[in-house]
There are 2 protein chains.
Amino acid sequence: MPTHYTGTAQQTLALNTFIKLNRACDSLNARLAARNTHPGLSVSQFSVLEALLHLGPMCQRELGSKLLKSNANITLVIDNLEKLHLVKREINPDDRRKFQISLTNAGRDLISSIFPKHVEAIVAELSVLEPTEQQLLGDLCRKLGKSSQE
Amino acid sequence: MPTHYTGTAQQTLALNTFIKLNRACDSLNARLAARNTHPGLSVSQFSVLEALLHLGPMCQRELGSKLLKSNANITLVIDNLEKLHLVKREINPDDRRKFQISLTNAGRDLISSIFPKHVEAIVAELSVLEPTEQQLLGDLCRKLGKSSQE
DNA sequence: ATCTAATAGTTCGATATCGAAATAATACTA
DNA sequence: TAGTATTATTTCGATATCGAACTATTAGAT
């Protein structure tokens with residue numbers, strides 16, 4: 001569904017690229033969600049658990065910057081994960097403004113058990129692209145994504 | 001920020017591609033939002049107005065399928081746009097289950113006036129990629145996005 | 001013509017998401 | 001060291017977003 005806007009060639013190209021990028025992302029995520037690879041967890045909850053599993057404990061602000069979410073949002077997501085007993089908040093004694101967020105045993109077990117299915121779903125959905133195409137897409141996205149910084 | 005997951009080469013590639021795609025999309029949209037090219041409107045509201053401007057009046061379900069949103073969501077967004085007097089609901093006499101959603105004059109004036117700024121912001125943000133790279137990115141996204149259909 | 005599908009939209013309850021304002025703790029500065 | 005600025009988190013109010021259950025209308029089937 002390209003745009004119906006009529007502008008210069010440069011504008012049309014940029015706009016169509018923008019639209020296709022967003023649609024690819026949205027529809028890919030919708031297809032992944034439909035595969036139900038993280039039952040009982042929201043996407044945000046899943047992302048937080050995954051970050052904690054693979055990157056280790058960190059404070060909320062770090063989580064927010066890794067996941068590109070606001071502090072307010074992270075507060076809520078951690079609240080909900082805490083209610084589910086999947087993560088815990090611990091005051092950082094070195095800086096009492098911070099909470100150290102880490103996985104509980106239950107959280108670690110859960111994310112460890114569902115992550116492989118998530119990976120398989122991604123592999124399956126991305127299989128419409130050859131490995132070289134995936135690499136190329138990743139490179140272009142990287143270039144576009146970090147116009148700001150890492 | 002590539003994954004720290006250790007799987008097969010195929011898994012690692014797919015996962016990294018997936019992460020880069022999502023990050024590119026999120027960070028691009030955040031940078032566009034920071035440019036404040038659609039003041040007073042949410043992204044969803046903007047998208048609906050834009051679809052109506054460029055594609056013409058349509059019913060809610062059509063809007064949802066163009067924008068990849070649920071019916072419930074479209075109902076709310078249209079409610080809010082209606083309160084702002086930017087769109088109107090009119091019963092379709094041929095099928096009274098449907099509302100025909102169209103821009104009011106105020107809505108048309110507004111979206112017409114801000115859309116060019118939006119395009120310029122996209123052109124500026126995408127300028128880190130050469131035209132051929134934008135084309136390539138768009139092609140790869142198209143291929144990935146329509147694993148299902150149109 | 002009646003009964004059943006399917007379709008369009010709404011409502012509900014939960015979670016997400018943001019920006020702005022508020023609070024608490026730490027760092028910096030004069 | 002007192003005073004200010006910065007940082008981490010929370011709270012608030014608004015909008016977004018989904019799936020599921022519901023209502024109303026239309027389409028299809030016998």
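Note that the coordinates shown come from a computational prediction; the quantities given were computed from them, not determined experimentally.
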For [X], side chain to side chain contact (heavy atoms under 4.5 Å, CB included) partners two or more places apart:
X	value
A/A124	A/R35
A/T8	A/Q10, A/Q11
A/R108	A/L53, A/L103, A/S112
A/N29	A/C25, A/L32, B/F18, B/N22

message: Nearest heavy atom decides the nucleotide; on that basis, is B/V43 or A/Q100 closer to the 5' end of DNA chain D?
response: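 The 5'-side residue here is A/Q100.
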Report the distance from atom [atom1] of [X] to atom [atom2] of [Y], rounding to the nearest 0.5 Å.
X	Y	atom1	atom2	answer
B/L144	A/E125	CG	CD	8.0 Å
A/D95	A/Q100	CG	CD	11.0 Å
A/L76	A/N71	CG	CG	13.0 Å

Would a distance-only check, ignoring hydrogens and angles, find a side-chain to backbone donor-acceptor pair under 3.5 Å from [X] to [Y]?
X	Y	value
A/T17	B/G138	no
A/R97	A/N92	no
B/E133	B/E130	yes

Just how far, in rounded Å, is [atom2] of [N] from [atom1] of [X]?
X	N	atom1	atom2	value
A/K98	D/dT6	NZ	P	17 Å
B/Q60	D/dT25	CD	P	16 Å
B/L63	D/dT17	CG	C1'	16 Å
B/L41	D/dA14	CG	P	17 Å

Scan nucleotides 26-29 of chain C against the protein and return all N/O pairs shorter than 3.5 Å with their distances rounded to 0.1 Å.
unit_1: C/dT26; atom_1: OP1; unit_2: A/R96; atom_2: N; d: 3.1

task: Kindly write out the residues that satisfy side-chain hydrogen bond (donor to acceptor under 3.5 Å, both in side chains) with A/N73, not counting sequence neighbours, or none if the list is empty.
output: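 For A/N73 there are no side-chain hydrogen bond (donor to acceptor under 3.5 Å, both in side chains) partners, ignoring immediate neighbours.
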field: Those residues of residues 104-114 of chain A lying under 4.0 Å from DNA chain D by at least one heavy atom
entry: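 DNA chain D contact set from residues 104-114 of chain A: none.
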field: Sub-4.0 Å heavy-atom contacts from residues 74-85 of chain B onto DNA chain D, ordered by number
entry: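 Within this stretch, B/L76, B/V77, B/N80 sit under 4.0 Å of the strand.
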field: Heavy-atom side-chain proximity of B/L41 to B/I114 below 4.5 angstrom
entry: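 Yes - at least one pair of side-chain heavy atoms lies under 4.5 Å apart.
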query: Does the side chain of B/S27 pick up a donor-acceptor pair with the side chain of B/R31 at under 3.5 Å?
result: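 Yes.
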task: Could you list all the salt bridge (Lys or Arg N to Asp or Glu O under 4.0 Å) pairs where at least one residue sits in residues 71-80 of chain B, not counting sequence neighbours?
output: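 Salt bridge (Lys or Arg N to Asp or Glu O under 4.0 Å) check on residues 71-80 of chain B returns B/D79-B/R89.
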message: By the rule that syn is within 90° of 0, classify the base conformation of C/dA5 as syn or anti.
response: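 Glycosidic conformation of C/dA5: syn.
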message: Measuring to OP1 and OP2 of C/dA14, would you say a side-chain N or O of A/S42 lies under 4.0 angstrom away?
response: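 Looking at the OP1 and OP2 atoms of C/dA14, neither is under 4.0 Å from any side-chain N or O of A/S42.
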message: Quick check on C/dT10: is either OP1 or OP2 less than 4.0 Å from any side-chain nitrogen or oxygen of B/R89?
response: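 Answer yes for this pair, as a side-chain N or O of B/R89 is under 4.0 Å from OP1 or OP2.
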Global bending angle along the helix from C/dA6-D/dT25 to C/dA30-D/dT1, which compares the axes of five pairs at either end, to 10 degrees: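 So the angle between the two local helix axes works out to 10°.
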- request: List for me each residue that meets ring pair (Phe, Tyr, Trp, His ring centres under 6.0 Å) alongside A/F46, sequence neighbours excluded, and say none if there are none.
  value: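 By the ring pair (Phe, Tyr, Trp, His ring centres under 6.0 Å) rule, A/F46 matches A/H38, A/H118.
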- prompt: For every nucleotide of nucleotides 18-23 of chain D, 5' to 3': is a protein heavy atom under 4.0 Å from its base (B), only from its sugar-phosphate (S), or from neither (-)?
  reply: BB----
- request: For residues B/L13 and A/Q135, report the shortest heavy-atom separation together with the two atoms involved.
  value: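 Looks like CD1-OE1, 3.5 Å.
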